[in-house]
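Chain letters run A, B, ... following the sequence lines, proteins first and then strands; every chain starts at 1.
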Protein chains: 2
Amino acid sequence: MEKKNLFGVCPYVTSQKVLTGKWSIYIMYLLAKGPIRFNELQRQMPEEMTHTTLSRQLKTLEEEGLINRIEYAQIPPKVEYSLSEIGEKFKIVLDALEIWGNEYIECMKSKKK
Amino acid sequence: MEKKNLFGVCPYVTSQKVLTGKWSIYIMYLLAKGPIRFNELQRQMPEEMTHTTLSRQLKTLEEEGLINRIEYAQIPPKVEYSLSEIGEKFKIVLDALEIWGNEYIECMKSKKK
DNA sequence: CAGCATCCGGCCGGATACTG
DNA sequence: CAGTATCCGGCCGGATGCTG
């Protein structure tokens, strides 16, 4: 039996692809709180990252259709990012990740002793 | 304010790290069905991948504590992989991913037209 | 303020070959 | 059957500098 590329077919393979970026989950988490501007977003990221990197990640997520980018025609420029419709639905994944992530952290702590 | 590495603190950052591997989600999905042997696992993976690659991914997941590796002392060798306790709890994430992944796939289909 | 162009280095996954 | 050793190429993220 021929093996196939299941991207766009299997939900797990597809999700994996979307979540590959080093920051995608955290960006989605921040956007889930509401629309946010570029610089504010960068400030809230957990680790230092250049705007180049953040910009690239956002562009990828936008191309994947997870987020919306709204540009206001003004000086200085203002751009707001927000979750798209399908991005909003991603919140159930975020919820699950939050629960599991906390359990995992606890689990690791108790093993280190 | 100093930015910090929130691995082991923030559930999202921690989860992201764990899910970076190109195959991690699908492996977890297959293991969630029950214990499975190495070769059988490889056969069920969606795309062709060498055993070297699979072996490395499994080792990583094992080091992270998500899966158990049980080696049976026999010839020919037999090794079974299964979810650890914290790995079992990961199922809620898998469920969320399955739901969202399918919605995402549908969403993309309708946009391509 | 937001973004792009470009360069660079490291890491990760794939391929091949060998071991018990 | 399962795994390791080694090499290699590509991709992705980080750094820097320029644009409107």
Identify the heavy atoms of [X] and [Y] that sit nearest to each other, and give their distance.
X        : Y         : answer
Glu80(B) : Pro35(B)  : OE1-CB, 3.8 Å
Val93(A) : Trp100(B) : CG2-CB, 3.7 Å
Thr14(A) : Ile105(B) : OG1-CD1, 3.6 Å

How are the rings of Tyr12(A) and Tyr29(B) set to each other: parallel, tilted or perpendicular (split at 30° and 60°)?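 Answer is parallel, since the angle falls under 30°.
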Find which nucleotide of DNA chain C each of Arg56(A) and Phe38(A) is nearest to by heavy atoms, and output the residue with the more 5' nucleotide.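 The 5'-side residue here is Phe38(A).
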Whole-Å distance separating the [atom1] atom of [X] from the [atom2] atom of [N]:
X        : N      : atom1 : atom2 : result
Gln42(B) : dC1(D) : CD    : P     : 10 Å
Glu63(B) : dT4(D) : CD    : C1'   : 14 Å
Leu54(B) : dG3(D) : CG    : P     : 9 Å
Met49(B) : dA2(D) : CE    : P     : 15 Å
Leu58(B) : dG3(D) : CG    : P     : 7 Å

Nucleotide range of DNA chain C lying under 4.0 Å from chain B heavy atoms: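 Contact span on the strand: dG13(C) to dG20(C).
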Would you say the side-chain atoms of Ser84(B) pair up with the backbone N or O of Gly65(B), donor to acceptor, closer than 3.5 Å?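 Yes; judged by distance alone, with no hydrogens or angles, the pair exists.
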Is any side-chain heavy atom of [Y] closer than 4.5 Å to one of [X]?
X        : Y        : answer
Lys22(A) : Thr20(B) : no
Leu61(A) : Ser24(A) : yes
Phe38(A) : Ser55(A) : yes
Leu66(B) : Phe90(B) : no

Whether Tyr81(B) contacts dC1(D) is assessed here as follows: a side-chain N or O lying under 4.0 Å from the phosphate OP1 or OP2. Is that the case?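 So the side chain of Tyr81(B) is outside the cut-off, no N or O lying under 4.0 Å from OP1 or OP2 of dC1(D).
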Show the distances under 3.5 angstrom between N or O atoms of the protein and N or O atoms of nucleotides 16-20 of chain D.
| from | atom 1 | to | atom 2 | distance (Å) |
| --- | --- | --- | --- | --- |
| dT16(D) | O4 | Thr52(A) | OG1 | 2.6 |
| dG17(D) | O6 | His51(A) | NE2 | 3.3 |

Considering every strand and a 4.0 Å limit on heavy-atom distances, what is the contact class for Glu71(A): base, sugar-phosphate, or nothing?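 No contact.
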Look at all strands and tell whether Ser55(A) reaches a base, only sugar-phosphate, or nothing, counting heavy atoms closer than 4.0 Å.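 The answer is sugar-phosphate, as Ser55(A) gets under 4.0 Å only of primed atoms, P, OP1 or OP2.
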CD (Glu85(A)) with more than 12 external heavy atoms under 6.0 Å: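 Not more than 12 within 6.0 Å, no.
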Inter-axis angle, terminal five-pair segments of the helix from dC1(C)-dG20(D) to dG20(C)-dC1(D) [nearest 10°]: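 The two end axes of the helix from dC1(C)-dG20(D) to dG20(C)-dC1(D) meet at 40°.
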Between Lys59(A) and Glu62(A), does at least one N-O distance fall below 4.0 Å, as a salt bridge requires?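 The answer is no: the pair does not qualify as a salt bridge.
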